[in-house]
Amino acid sequence: LMVAKNGKIGLTKAYANSFDLILLDIELGDISGITICRKLKKHPSTNLIPIIIVSGIDKVESTIESFNSGASDFIRKPFHAEELIKRIEVHLQMNEMNLRLRKQAVATRKSKTEFSKFISSLAHELRSPLNSIIGFSEILKDPQLNQEDKNNFLRFINQGGQNLLGLLNDLIDYSKIEAENLSIHFSKVDLNKELKEMTYYFIDDMHKQGLHNKELIFNPFESEESTFVYTDIVRFLQIIKNFIENAIKYTAEDGCIEIGFRLEKNNEIQIFVTDDGIGMSSEELESLFSMDSYSGGLIQIKKSGKGLGMAVSYKLSELIGGRIDVQSTEGLGSTFSIILPLNFMNEEKINQIQQVQSYDWSNKLILIAEDVMVNYLFYVALLKKTNVKLIHAKNGLEVLDLLEEYSPDLILMDMVMPKMDGLEATLQVRKYYPIIPIIAQSSIASREDKENIYKAGCNDIVTKPIKPQILLDKINRFFE
């Protein structure tokens, strides 16, 4: 509470302090209260403060002039103390409500601006694969194209479609994370095994793309025993895959990328991907994991944008109990790491969580096309606790027969079967059932075979030997 004996002192104090309310007498001696009210309402630091004018002048004109000057209320002398207190309480409450509304309005404007930036960035990300798909589709109309060019263009179109699918999956994951609706399932993960398989996959992929001079190295941890972490294998591999893809993208044609892990202090483990690529500036590092950070900048000029992958990886790292660390020097390269606690969960805790997060597909029907009975029994055992209903086909012809009788929610399609293989069966299914999700089961992981599988009409691929949690996660994506 502050008191001013005249108008000049009152103005000085009002400008120097952030008052919640001002009681202003009309007759102050040096300056009229009406004049002071007008000055306060014109000044940016005081124009929102509620002002109650107090006056002993019993004229309607005085009341009207007070309100015209910007006053929030007017009370005549003599007044009852309770009346004044109630008026002050009402105006303080109204001022607090107005303050909240102004903050909400600012937040709404900021949200709209961020959403606009996000849509603009997303449109930029969509444009690249769409340009590839549309552009090469137009070129394929040329009847003079030779078969080699046609095959190359079809491969580019397929790659564009895969990039587009990856972008949409990232967008779905991000929206689920924001809505706190993404399921996490912890299990025991062998780091050496998983990172070695991931390295071999990307080496093969780079060779298929003609990147023969780029080197990808996995340095296993020097230990006689396997190193395990308790984490969500699907989300963990999604983060590492994103690190490797960005390293490949931003590394020179003859560059080197290293994958590995090391034990840290505080019982933690660091899994890292290091490259000798173009690196990042400190400004780019600060905004790396925000949703609108990929709308421009040095990296985006030299290469296509980072996309949603980094923002998703950052969120996923927190969900699986870890954190992401990035070290980078512009022109020298970057190291992306995820740091996980070694004792984040014991097996008993994991089993409790998995029981709570178990799937309930009691209202779903899956058609499993598998000619090897032991493999089919594996699926039966794996899916038993989900309560899903299963029907079994031993070859492609039986798949078509069963589709005339049943309407499955998803098909697990083995690619190698007698009488009619999985590719031909998928082509036939797509003629009459274009919407049913089909997940291909295949032990073949070459780029060309994958392209043929997707061209036939499969929505996803699970490679053998099948990791249970990866298969369950893929199925759940379609069911969700």
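Heavy-atom basis, side chains included; hydrogens, waters and symmetry copies ignored.
- A donor-acceptor contact shorter than 3.5 Å is absent between the side chain of Lys13 and the backbone of Met2.
- Judged as a ring pair (Phe, Tyr, Trp, His ring centres under 6.0 Å), and not counting sequence neighbours, Phe19 has no contacts.
- Aromatic ring orientation, Trp361 versus Phe479: perpendicular (interplanar angle above 60°, classes split at 30° and 60°).
- We find the CD1-CD distance between Ile320 and Gln238 to be 9.5 Å, quoted to the nearest 0.5 Å.
- In this view, Phe74 satisfies the ring pair (Phe, Tyr, Trp, His ring centres under 6.0 Å) rule with no residue, not counting sequence neighbours.
- The distance from atom CG of Asp360 to atom NZ of Lys385, rounded to the nearest 0.5 Å, is 13.0 Å.
- Nearest heavy-atom pair across Ile88 and Leu21 is O-CD1, 4.1 Å.
- In this structure Phe136 satisfies the ring pair (Phe, Tyr, Trp, His ring centres under 6.0 Å) test together with Phe153, Phe156, sequence neighbours excluded.
- Taking every heavy atom of both residues into account, Ser317 and Ile338 meet most closely at CB-CD1, 4.0 Å.
- The list of salt bridge (charged side-chain N to carboxylate O under 4.0 Å, His left out) pairs with a residue in residues 79-88, not counting sequence neighbours, reads Asp73-Arg87, Glu83-Arg87, Lys86-Glu89.
- For the pair Ile22 and Ala14, the tightest heavy-atom approach, listed with the atom from each and the gap, is CD1-CB, 4.4 Å.
- Within the 4.5 Å cutoff, side-chain heavy atoms of Leu154 are placed close to those of Lys455.
- Looking at every heavy atom in both residues, Phe202 comes nearest to Leu216 through CB-CD2, 3.4 Å.
- Proximity of a side-chain donor or acceptor of Asp276 to a complementary backbone N or O of Cys256 within less than 3.5 Å is detected.
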Exercise. Take Arg477 and Asp460, measure what salt bridge (charged side-chain N to carboxylate O under 4.0 Å, His left out) needs, and give me the verdict at the end.
Key: CA-CA 11 Å; Arg477 283 192 178 211; Asp460 206 341; over 6 Å; no
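- For residues 90-100, the salt bridge (charged side-chain N to carboxylate O under 4.0 Å, His left out) pairs, not counting sequence neighbours, are Glu96-Arg100.
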Quick one: side chains of residues 50-63, donor-acceptor pairs under 3.5 Å with protein atoms, not counting sequence neighbours, listed by atom name and distance.
residue, atom, partner, partner atom, Å
Ser55, OG, Ile57, N, 3.0
Asp58, OD1, Arg76, NE, 3.3
Thr63, OG1, Arg76, NH2, 2.8

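- Here the closest non-hydrogen pair linking Asp409 and Asn363 is OD2-O, 4.0 Å.
- At least one side-chain heavy atom of Met280 sits less than 4.5 Å from a side-chain heavy atom of Val326.
- Side-chain contact between Phe261 and Asn192 is present, with heavy atoms from C-beta onward closer than 4.5 Å.
- Residues passing the side chain to side chain donor-acceptor pair (under 3.5 Å) test with Asn459 are Arg430, sequence neighbours excluded.
- A ring pair (Phe, Tyr, Trp, His ring centres under 6.0 Å) with Phe336 is found for exactly one of Phe243, Tyr314, Phe272, namely Phe243.
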Exercise. Given salt bridge (charged side-chain N to carboxylate O under 4.0 Å, His left out), test Glu245 with Lys241 step by step and report yes or no.
Key: CA-CA 6 Å; Glu245 286 175 344; Lys241 182 173 180 284; 2.7 Å; yes
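- Shortest non-hydrogen contact noted between Thr335 and Ser337 is CG2-OG, 3.7 Å.
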Sequence neighbours left out, cut at 3.5 Å: what donor-acceptor pairs do the side chains of residues 26-39 make with other protein atoms?
residue, atom, partner, partner atom, Å
Asp30, OD1, Gly7, N, 2.9
Asp30, OD2, Gly7, N, 3.4
Asp30, OD2, Lys8, N, 3.1
Ser32, OG, Ile34, N, 3.2

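- Leu195 is listed as a side-chain neighbour of Ile271, based on a closest heavy-atom distance under 4.5 Å.
- Atoms CD1 and CD1, from Ile438 and Ile453 in turn, are 11.5 Å apart once rounded to the nearest 0.5 Å.
- In this structure Lys193 satisfies the side chain to side chain donor-acceptor pair (under 3.5 Å) test together with Glu197, sequence neighbours excluded.
- A heavy-atom distance below 4.5 Å is not found between the side chains of Lys389 and Ile366.
- Residues satisfying the ring pair (Phe, Tyr, Trp, His ring centres under 6.0 Å) criterion with Tyr15, sequence neighbours excluded, are His43.
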Quiz item: Can Glu258 and Thr274 be said to form a side-chain hydrogen bond (donor to acceptor under 3.5 Å, both in side chains), step by step?
Solution: CA-CA 5 Å; Glu258 179 186 352; Thr274 299; 5.3 Å; no
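- Residues Leu383 and Thr386 have side chains in contact (heavy-atom distance under 4.5 Å, counting atoms from C-beta outward).
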Quiz item: Can you check side-chain contact (heavy atoms from CB on, under 4.5 Å) on Val229 and Leu191, steps first, answer last?
Solution: CA-CA 7 Å; Val229 292; Leu191 283 181; 4.0 Å; yes
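- Using a 4.5 Å heavy-atom cutoff, the side chains of Asp325 and Ile339 are in contact.
- Going from atom CD1 of Ile257 over to atom OG1 of Thr199 covers 10.5 Å, rounded to the nearest 0.5 Å.
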Self-check item: Chi angles and distances behind the side-chain contact (heavy atoms from CB on, under 4.5 Å) call for Gln327, Ser334
Solution: CA-CA 6 Å; Gln327 303 294 325; Ser334 306; over 6 Å; no
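- Ile240 places none of its side-chain heavy atoms less than 4.5 Å from the side chain of Asn242.
- For the atom pair Ile244 CD1 and Ile239 CD1, the distance stands at 12.0 Å (nearest 0.5 Å).
- Between the side chain of Lys474 and the backbone N or O of Ile439, no donor-acceptor pair lies under 3.5 Å.
- A donor-acceptor pair under 3.5 Å is formed between the side chain of Lys41 and the backbone N or O of Ile49.
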Quiz item: Where do Ile436 and Leu410 land on the side-chain contact (heavy atoms from CB on, under 4.5 Å) test, with the steps shown first?
Solution: CA-CA 6 Å; Ile436 300 175; Leu410 183 138; 5.6 Å; no
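- Atom CG of Asn98 sits about 8.5 Å away from atom CG of Leu48, to the nearest 0.5 Å.
- Contacts of Lys77 classified as side chain to side chain donor-acceptor pair (under 3.5 Å), with partners at least two apart in sequence or in another chain: Asp25.
- Applying the ring-ring contact (aromatic ring centres under 6.0 Å, His included) test to pairs two or more places apart or on separate chains, none has a residue in residues 77-105.
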Practice problem: Go through the steps to decide whether Leu472 and Tyr359 satisfy the test side-chain contact (heavy atoms from CB on, under 4.5 Å), and finish with yes or no. | Solution: CA-CA 9 Å; Leu472 291 172; Tyr359 300 108; 3.6 Å; yes
